[in-house]
2 protein chains.
Amino acid sequence: MDVKPGPRLTVHDLAEAAGVSLATVDRVLNGRAGVRPATVEKVEAAIARLGFRRDLGASMLARSRTIGIAFLIPGGTNRFMAKLAEAVEQCGRDVRSQRGQFDLVRIPPMDPSALVAAIEGLDPARHACAAIVAIDTTEVRDAVDNARERGISVITLVSDLPGSGRAGFVGIDNAAAGRTAAALMGRFCPDGGRIGLVVGSLGLSDHVHRIEGFRAVAATDFPGLAIAGPVEGEDAYEGTYQATRDLLAAHPDLSGLYNAGAGNAGLLAAIEDAGLGGRLRVIAHELTGPTRRGLVADRVDVVLDQSPLWEVRAVWTTARRLVLGPDALAPAAPIEIRLFLKHNLIAED
Amino acid sequence: MDVKPGPRLTVHDLAEAAGVSLATVDRVLNGRAGVRPATVEKVEAAIARLGFRRDLGASMLARSRTIGIAFLIPGGTNRFMAKLAEAVEQCGRDVRSQRGQFDLVRIPPMDPSALVAAIEGLDPARHACAAIVAIDTTEVRDAVDNARERGISVITLVSDLPGSGRAGFVGIDNAAAGRTAAALMGRFCPDGGRIGLVVGSLGLSDHVHRIEGFRAVAATDFPGLAIAGPVEGEDAYEGTYQATRDLLAAHPDLSGLYNAGAGNAGLLAAIEDAGLGGRLRVIAHELTGPTRRGLVADRVDVVLDQSPLWEVRAVWTTARRLVLGPDALAPAAPIEIRLFLKHNLIAED
DNA sequence: TGTTTTGTGAGGAACGTACCTCATTTCTGC
DNA sequence: GCAGAAATGAGGTACGTTCCTCACAAAACA
């Protein structure tokens, strides 16, 4: 598989090397029917031998097709979702020069019916793909399967919908995130103690997986740790404030809090109002305004983050692969769990 | 700046909107001379108004030019450099469909003259850019400036060469990495103690910056911490083994080690041979075989990592911007300091 | 043997941009 | 008002791929 460094390898060279015509090469390359298996093999052998990769720019140009992706992102006050929406806008600007077309739709948060309605309202002619932050209910699952039949590939984003007909998932391994949080919390509380758990909703699979991961490592690696909760804060200020306040009141001995959901501003306010600021180990998710300020002020110890921008880019890569075929492009790298302390904070991205 | 969703915006539309001819639009877009400032402004206003972005694929196609990048990567046993070389190969395969051509050259490690010779041997006709892992000496600096004059843009990778004519730097903020390491080490050693510092060489600016960052935070935030070293391990097994062994012998009271360089296998072997395995807090750089195994075996507490693959991709983005102009493409995001504990380890990338 | 069916070849027209030549217009300085 | 320079317009070709149509050959059927 030695690759010529000289003039660019084209489909013409490939046809010649395979001993077939350009038309046949094209049929093989684009998976069109009407080619004998033996001939397909000849062409594929030549591709491997020459190390041929089609010119993606020319390919997209000739197709004269833009890749439309609808991003269905929950609205409301959730800061992470706001950052995600921002990332869609930013990445959307960048991909326009690669024939990408992102459309951002904010939908009511925590509302399966609204999500279903949004999915069903999509037009396959305009959007080859949809990226959704899944809510794990049967109706959503059905809507995803239905969209697939209508010709819309659905990619789940941040929160997955396993077992459905989604074309892919872009997001972190939430169980691993929960395990990591537990490992850090265990280190930060060497004398044991009780840790309070907070989530947005137990209907969100990402939050549930985090809690499960946390519990698992806490039980095996740090038997000295006790657990309270989880309580649900609805991923918003008020709900999280109240849930945290009640949790702190019920367990005055708490030595740490792990918020697997959003609503960090409310959580931190409740801690402050209880006069516990700085005396609790706090681990939270997503680097946003409140968590960033919390790190700097020593009110948050560690933030686990998934980069919205990377996630949107991964959706783009996944969608391109769906349209162009898996051979045209390398798959998107898995999204990583980023750990932030006060000292390795990065500038806004 | 409302963007039409309909048919794709082309240079023709742009010409019409600006009230000029296609030729003039072309002259403005590609920075050619012979256009009145007022006309340039008209075109740029139209670009902004329509939100025009040229089709990168068509652009590269018409240019009929491939972007050649030479990667000058140190050879030897350094595992990180091996991963970097691997990333060049992998990313090189992917970018071929975008008219990229990566050439990997392994050069003798820690050898400024070899690096200089490699730079001077580059052919501007073949390589528009060179990515080098810089060694901070005057001769290297001169070679970079010289290459620039010959028409080769040099991008420094991993280790920077500030003040030289390099076209950009791709790598982490090493001082911030050192500060982060110190913050973690301080938390892990709440009772103070002495921390041993190891580097590959004090001639490598990245290692030096890490040490400086570590010292700064240790001094201000953790006055209880004392420091031994740094000792130099030459970024290889034997040197690092001996340097660590001597350090441990000279300071039997050591409570932690921070290796700002490579040679982690040697470092861990020396710890094990001294019978200190598991009793020292160890913070190291770069997620490679030895550090990964060290994490799993509880011999390494934290690994700070820069992703070679991201770095190579960032070089590609930077090089494309150099060739296509800064407006054609968003700049590469800064490389992040990744923190790995046992629990958030990722699969090989 | 003739007639479908299926596989293959030949050729050409897009796609959006770059870059070339040549003609024409508009600005300079005098 | 004129020569000369500078700015602009008009129109073409090329890049590598996709996707057509049409013709022809080889296999399958009767």
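In what follows, chains are A, B, ... by sequence order, proteins preceding strands, each numbered from 1.
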Are OP1 or OP2 of C/dC15 and a side-chain N or O of A/S64 less than 4.0 angstrom apart?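 For C/dC15, OP1/OP2 do not have a side-chain N/O of A/S64 under 4.0 Å.
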Phosphate OP1/OP2 of C/dC15 contacted by A/R63 side-chain N/O (<4.0 Å):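 No, outside the criterion.
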Atom [atom1] of [X] to atom [atom2] of [N]: distance rounded to whole Å?
X     : N      : atom1 : atom2 : value
A/R65 : C/dG16 : CZ    : P     : 14 Å
A/D26 : C/dG11 : CG    : P     : 16 Å
B/L29 : C/dC19 : CG    : P     : 11 Å
B/R54 : C/dC19 : CZ    : P     : 9 Å
B/D13 : C/dT17 : CG    : C1'   : 13 Å
B/I47 : C/dT17 : CD1   : P     : 11 Å
A/R96 : C/dG16 : CZ    : P     : 13 Å
A/E16 : C/dG9  : CD    : C1'   : 15 Å

Please tell me which of B/V35 and B/A58 maps to the more 5' nucleotide of DNA chain D, matching each residue to the nucleotide holding its nearest heavy atom.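 The residue mapped nearer the 5' terminus is B/V35.
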Does B/A23 or A/L22 map to a spot on DNA chain D nearer the 5' end, using the closest nucleotide for each?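 Its nearest nucleotide being more 5', the pick is B/A23.
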To the nearest 0.5 Å, what is the distance between CZ (B/R27) and CG (B/L22)?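 Nearest 0.5 Å value for the CZ-CG distance: 10.0 Å.
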What distance separates A/F80 CZ from A/D305 CG, expressed to the nearest 0.5 Å?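 These two atoms lie 7.0 Å from each other.
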First-last contacting nucleotides on DNA chain D - partner chain A, under 4.0 angstrom, heavy atom: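 In short, chain A contacts DNA chain D from D/dG16 to D/dC19.
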What are the two closest non-hydrogen atoms of [X] and [Y], and how far apart are they?
X      : Y      : result
B/R313 : B/C91  : CG-SG, 3.8 Å
A/P162 : A/D160 : CD-C, 3.6 Å
B/V133 : B/L115 : O-CD2, 3.8 Å
A/R150 : A/I119 : NH2-O, 3.1 Å

Inspect the surroundings of CZ in B/R106 and state if more than 12 heavy atoms from other residues, nucleotides or ligands are less than 6.0 Å away.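 Above 12, so yes.
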Report, one pair per line, the protein and nucleotides 25-28 of chain C atoms (nitrogen or oxygen only) whose separation is under 3.5 Å.
{"unit_1": "C/dC27", "atom_1": "O5'", "unit_2": "B/R36", "atom_2": "NH1", "d": "3.4"}

When you get a sec, tell me which of C/dT17, C/dG16, C/dG7 is the closest nucleotide to the side chain of A/R99?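 Nearest listed nucleotide: C/dG16.
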Would B/V25 and B/F52 count as a side-chain contact (heavy atoms from CB on, under 4.5 Å) here? Give the steps. CA-CA 12 Å; B/V25 163; B/F52 172 82; over 6 Å; no
Side chains of B/N30 and B/R54 in contact at under 4.5 Å (non-hydrogen atoms):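 Heavy-atom side-chain distance check passes, below 4.5 Å.
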